[in-house]
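This is a predicted model, so every value here is computed, not measured.
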Amino acid sequence: MSTRDEMTPWSRDEFEARLRGLGARYHIHHPYHRMMHEGHCTPEQIRGWVINRYYYQVSIPIKDANVLANCPDPEARRLWVQRILDHDGAEGEVGGIEAWLALAEACGLDRERVASLDDVLPGVRFAVDAYVNFARRSTWQEAACSSLTELFAPEIHQQRLTGWPDHYPWIDDSGLSYFRKRLSEARRDVEHGLRVTLDHFTTRAEQEHAMSILQFKLDVLWTMLDAMWMAYVEDRPPYHSCPEASR
């Protein structure tokens, strides 16, 4: 039987603090990210990360289009649609997808090869597709809640801008424009997504559901890096143990 305390909604401030507390599980703490931050990644490990993360980048506007499709609120749609423009770009403005391809080129990768998605690891595809499908099937408020990993993103972008020029001087500085751009965009997106979450999830059961949604998104990001760790650090790409396996 639930006690009264277990049924009492958290205050708005406590709810926000609990959401932010899940930052302890953000993928910034994954060993792969720690290697990147500390300057220990090889060029191939950096390139592998860029290749696979591109699949996430091109999937984000699709995820956001699903949010819009499920949202009956015109005001909310007007705010949310900016996320698609941020990634796809607009007239006279480079979007995040193009900026990521510029990063790929700065890392010595062929942009057409990266854009083909031929080298994306199956585990990364499964994780990202799970996120897109979640947004497709969920309410728009649930999908908005899942985006709150952006609460923790500015720190990771700043780490790359600060550390990569020293750790990885072979990456042309022009390729870091994506991270500069996201510093301000992520903060703006968080303000809206957090307001939606705090306003919509008001009972204790709803608040705990919101926590599980944000944990799901953290799982997606962590799982992507698990797949990359196996392939590029452990040197155990998919099917490596199969006889005469080829991709």
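Between W222 and H27, the ring center distance fails the sub-6.0 Å criterion.
Side chain of R204 to main chain of T8: a donor-acceptor pair is present (N/O by atom type, distance under 3.5 Å, no hydrogens or angles). In this structure, the side chain of N66 engages the main chain of I62 through a donor-acceptor pair within 3.5 Å. Between the side chain of Q45 and the backbone N or O of Y232 there is at least one donor-acceptor pair closer than 3.5 Å. Counting only distance, with no hydrogens or angles, the side chain of T162 and the backbone of Q159 share no donor-acceptor pair below 3.5 Å. H40 places no side-chain N or O within donor-acceptor distance of the main-chain N or O of M36, the cut-off being under 3.5 Å. Side-chain atoms of N70 come within 3.5 Å of backbone N or O of S138 as a donor-acceptor pair.
With sequence neighbours excluded, the residues forming a ring pair (Phe, Tyr, Trp, His ring centres under 6.0 Å) with Y26 are F152, listed by chain and number. Not counting sequence neighbours, the partners of R18 by the salt bridge (Lys or Arg N to Asp or Glu O under 4.0 Å) test are E14. In this view, Y178 and W100 satisfy the ring pair (Phe, Tyr, Trp, His ring centres under 6.0 Å) rule, not counting sequence neighbours. Residues meeting the ring pair (Phe, Tyr, Trp, His ring centres under 6.0 Å) test with W10, sequence neighbours left out: none. The salt bridge (Lys or Arg N to Asp or Glu O under 4.0 Å) check on E93 picks up nothing, with sequence neighbours excluded. Qualifying salt bridge (Lys or Arg N to Asp or Glu O under 4.0 Å) partners for R47, counting only residues two or more places apart in sequence or in other chains: E44.
Distance check: D73 CG to L68 CG gives 11.0 Å after rounding to the nearest 0.5 Å. For the atom pair Q207 CD and H200 NE2, the distance stands at 11.5 Å (nearest 0.5 Å). Interatomic distance, NE2 of H33 versus NE2 of H29, reported as 10.5 Å (0.5 Å rounding). Within the model, atoms CD of Q57 and CG of D88 stand 11.5 Å from one another, a figure rounded to the nearest 0.5 Å. Residue I213 holds its CD1 atom at 12.0 Å from CG of L218, rounded to the nearest 0.5 Å. If you take CG on L214 and CG on L22, they are separated by 5.0 Å, rounding to the nearest 0.5 Å.
Between Y56 and K217, the shortest heavy-atom distance links the atoms OH-NZ, 3.1 Å. Of all heavy-atom pairs spanning A76 and H192, the tightest one is O-CE1, 4.0 Å. Shortest non-hydrogen contact noted between A227 and L121 is O-CD1, 3.5 Å. Across all their heavy atoms, P43 and W170 have their closest contact at CA-CZ2, 3.5 Å. Nearest heavy-atom pair, V94 versus A99, reported as atom, atom and distance to 0.1 Å: CG1-N, 4.0 Å. In terms of heavy atoms, L148 sits closest to G193 at CD2-C, 3.7 Å.
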Under the side-chain contact (heavy atoms from CB on, under 4.5 Å) rule, what do R53 and L221 come out as? Steps first, then yes or no, please.
CA-CA 10 Å; R53 183 75 182 188; L221 297 174; 3.9 Å; yes
Passes side-chain contact (heavy atoms from CB on, under 4.5 Å), S146 versus Y131? Steps please.
CA-CA 9 Å; S146 73; Y131 183 38; 3.3 Å; yes
Audit row: V233, M228, side-chain contact (heavy atoms from CB on, under 4.5 Å) steps and yes/no:
CA-CA 7 Å; V233 179; M228 290 182 238; over 6 Å; no
Would L19 and L194 count as a side-chain contact (heavy atoms from CB on, under 4.5 Å) if you check the C-alpha gap in whole Å, the side-chain angles of each, and the deciding distance to 0.1 Å?
CA-CA 9 Å; L19 290 167; L194 184 59; 4.2 Å; yes
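Judged by the 6.0 Å and 45° rule, R77 forms no cation-pi pair with W80.
Criterion: ILVMFWY side-chain heavy atoms under 4.5 Å apart, direct or through other members. Under it, F126 and L117 are not part of a common hydrophobic cluster. Both V114 and M224 belong to a common hydrophobic cluster when Ile, Leu, Val, Met, Phe, Trp and Tyr are linked at side-chain heavy-atom distances under 4.5 angstrom. Put simply, M230 and V50 are part of two different groups of oily side chains (I, L, V, M, F, W, Y) that touch within less than 4.5 Å, one to the next.
Heavy atoms of other residues, nucleotides or ligands lying less than 6.0 angstrom from CD of E75 number 12 at most. Other residues, nucleotides and ligands contribute more than 12 heavy atoms inside 6.0 Å of the CZ atom of R136.
The shortest distance between side-chain heavy atoms of L79 and R195 falls below 4.5 Å. Counting heavy atoms from C-beta outward, L109 and L101 have side chains that stay 4.5 Å or more apart. Counting heavy atoms from C-beta outward, I156 and H37 have side chains that stay 4.5 Å or more apart.
Taking the six-membered ring for Trp and thresholds of 30 and 60 degrees, F216 and F134 have ring planes inclined between 30 and 60 degrees apart. In this structure, Y168 and W164 have perpendicular ring planes: the angle between them is above 60°, well past the 30° mark.
Comment: E16 does not engage R12 in a salt bridge, judged by the lack of any side-chain N to carboxylate O separation of less than 4.0 angstrom. Comment: E142 does not engage R137 in a salt bridge, judged by the lack of any side-chain N to carboxylate O separation of less than 4.0 angstrom. In this structure, R180 pairs ionically with D173, as a charged nitrogen and a carboxylate oxygen lie closer than 4.0 Å. The existence of a salt bridge linking E155 and R160 is excluded, since no basic side-chain nitrogen approaches an acidic carboxylate oxygen closer than 4.0 Å.
Side-chain contact check for Y54 and D119: no donor-acceptor pair (N or O, by modelled atom type) lies under 3.5 Å. Side-chain contact of Y55 with D129: a donor-acceptor pair under 3.5 Å is present, judged by distance alone. For the residue pair S11 and D13, no side-chain donor N or O sits within less than 3.5 Å of a side-chain acceptor on the partner. Looking only at atom types and distance, the side chain of H30 has a donor-acceptor partner in the side chain of D226 under 3.5 Å away.
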